[in-house]
Amino acid sequence: MKSVFILEDSSKSYYGGGQQISLLAIKILREKGVRLYLADYTSKSLFNEKVKIFIPFDRQLILKGKGTITNSSKDRFYKTIEIVNSLFLFPINAFRIKKFLSTRNESEKTVVFYCTTKKTLLVSFLYSLLFNVEYIYHSHMVMDLSGIIGFCLKHALLKAKKVICVSNTVKNNLNFPNTVLLFNSLEDDAILDKKYLYKKKIVVAAIGSLIYIKGFEYLIKSYDELKNKDDVEIRIYGVGALWNHFLSLKKSDNIKLMGFNENILDELLNDVDIVVVPSIIPEALSMVIVQAKKVGLPCIVTNIGGQSEIIMDGIDGFCIPIMDAKSIAEKIDLLISDRNLYLKMAHYSHLSYVNYSFDKFKTGFLSIIFESIF
């Protein structure tokens with residue numbers, strides 16, 4: 001059996017959906033006795049705190065080229081700098097990985113790479129060209145394959161042993177012969193029994209990094225469009241660059257910035273009634289929606305990408321146009337004014353979680369990995 005070298009970039013997110021799946025993959029592989037290594041662009045994230053239980057510090061490497069979180073759609077300068085910097089650092093990181101593995105008596109014959117971001121995909125691709133190592137890419141995003149960077153990404157994807165796609169949206173976006181569909185999941189399939197109580201205030205929640213592409217400002221603005229303002233509390237769970245901007249937007253005490261919450265599933269189970277995913281770009285597969293389904297919550301999502309793929313409009317939630325605060329408000333008003341509709345959607349949301357079960361994920365993931373490491 002080969003060792004597995006995980007290449008991650010948790011420098012852009014304190015603990016996002018991609019890191020959740022990477023940690024889940026690490027736990028599954030560790031349970032099977034696979035020898036694991038980790039390379040990351042930072043050691044200061046919740047992911048790093050969690051992963052040290054499974055991968056000892058002497059099997060971890062910090063890569064050069066920490067990422068930059070952009071604050072708005074127009075903030076492309078730092079993103080461009082990061083891309084140029086990354087291109088320069090790719091060969092440096094490749095040779096640092098080579099030295100790191102050599103000192104641990106590992107080589108291209110004894111290790112397979114498992115990469116999870118565009119940067120780590122390109123590092124794996126270069127390493128493969130130099131040293132002929134096999135790699136698997138777990139794709140958590142819809143990619144733009146145009147331009148020079150897109151050209152490089154395309155070739156890196158084609159050379160991968162397998163490309164794991166977390167949704168049909170991602171699979172259709174790539175459309176390569178080495179792609180395989182595997183929906184994301186949570187850590188277990190425990191049944192959660194939510195109580196649908198009559199409440200004075202309905203809690204509407206969005207969860208994620210406070211960055212422009214998440215579209216949270218449209219949820220904040222939707223409050224002014226609500227017919228039943230006094231009956232609604234909007235909560236946004238997360239941290240990020242737009243914290244102060246969102247504080248300036250909120251005009252009511254019924255809009256709350258909650259900060260990061262590690263136990264978000266408990267919040268969904270005990271407090272939240274409706275989940276909103278107002279992303280303005282196509283997401284691959286929103287872990288927030290998977291969490292909402294496990295609890296049994298209706299979701300209001302934008303009608304693009306993986307977020308709309310896993311919501312059946314009018315059945316377990318609603319799909320709305322992007323950047324449309326009024327549509328968000330209309331769907332919230334509809335759900336809180338029609339309890340029968342709400343309970344029906346909650347029921348179908350819970351039933352649909354079977355498509356994202358842990359057992360399915362674990363079986364599929366091990367099948368893909370073991371095909372490469374034996």
Side-chain angles (χ1 to χ4, degrees), residues 12-13 16-18 20-21 69-76 79 117-118 138-147 149-150 153 157 163-176 179 181-184 204-222 225 234 236 238 240 242 274-293 297-332 334-335 345 348-349 352 355-356:
K12 286 193 170 187
S13 176
Q20 292 177 43
I21 296 302
I69 300 176
T70 54
N71 294 352
S72 73
S73 60
K74 298 178 182 179
D75 191 5
R76 300 191 183 279
K79 200 168 184 179
T117 68
K118 289 189 287 187
H138 204 151
S139 183
H140 298 285
M141 65 187 70
V142 178
M143 283 194 188
D144 178 5
L145 297 179
S146 62
I149 300 299
L153 288 170
L157 289 162
V163 176
I164 304 173
C165 302
V166 301
S167 65
N168 283 300
T169 298
V170 174
K171 195 171 189 299
N172 294 336
N173 165 241
L174 300 179
N175 195 28
F176 297 136
T179 57
L181 176 66
L182 183 66
F183 289 120
N184 285 342
V204 179
I207 302 148
S209 298
L210 305 189
I211 54 178
Y212 177 76
I213 60 174
K214 292 296 184 180
F216 293 156
E217 68 178 88
Y218 301 99
L219 174 58
I220 294 173
K221 291 176 180 177
S222 75
E225 304 285 345
I234 291 176
I236 298 177
L242 295 182
I274 299 168
V275 167
V276 179
V277 180
S279 303
I280 65 173
I281 63 165
E283 293 207 20
L285 187 140
S286 171
M287 288 300 295
V288 176
I289 301 176
V290 177
Q291 290 169 323
K293 286 178 176 292
L297 290 176
C299 296
I300 300 169
V301 308
T302 45
N303 60 358
I304 54 175
Q307 60 266 45
S308 64
E309 175 187 330
I310 63 173
I311 289 295
M312 296 177 286
D313 188 34
I315 305 298
D316 57 359
F318 294 110
C319 297
I320 60 163
I322 65 170
M323 303 181 182
D324 193 338
K326 186 175 181 179
S327 289
I328 296 174
E330 287 173 351
K331 299 309 182 186
I332 293 172
L334 179 57
L335 284 169
M345 286 192 164
Y348 281 113
S349 179
S352 66
N355 297 317
Y356 314 97

Pair Lys221 + Glu225: basic N to acidic O under 4.0 Å: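 Answer for the salt bridge query: no.
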
Stepwise side chain to side chain contact (heavy atoms under 4.5 Å, CB included) check, Ile300 with Ile320: CA-CA 7 Å; Ile300 300 169; Ile320 60 163; 4.0 Å; yes

Please find the pair of heavy atoms, one from [X] and one from [Y], that lie closest to each other, and give the distance.
X	Y	result
Ser352	Lys293	OG-NZ, 2.8 Å
Cys319	Asn303	CB-CB, 3.9 Å
Pro278	Ile328	CB-CD1, 4.2 Å
Ser139	Val163	CB-CG1, 4.3 Å
Val166	Leu285	O-CD1, 3.0 Å
Ser167	Gly306	OG-CA, 4.4 Å

Ile281 CD1 to Lys214 NZ distance, which is reported to the nearest 0.5 Å: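 With rounding to 0.5 Å, CD1 (Ile281) is 7.0 Å from NZ (Lys214).
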
Can you find a pair of side-chain heavy atoms, one from [X] and one from [Y], that are under 4.5 Å apart?
X	Y	value
Glu309	Glu283	no
Phe183	Asn168	yes
Leu242	Phe216	no
Asp316	Ile311	yes

Side chain to side chain contact (heavy atoms under 4.5 Å, CB included) between Thr179 and Val170, worked out: CA-CA 9 Å; Thr179 57; Val170 174; over 6 Å; no

With Leu145 via side chain to side chain contact (heavy atoms under 4.5 Å, CB included) - residues at least two apart: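 Testing Leu145 for side chain to side chain contact (heavy atoms under 4.5 Å, CB included), a comparison that skips the adjacent residues, returns Met143, Leu153, Leu157, Leu174, Phe176.
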
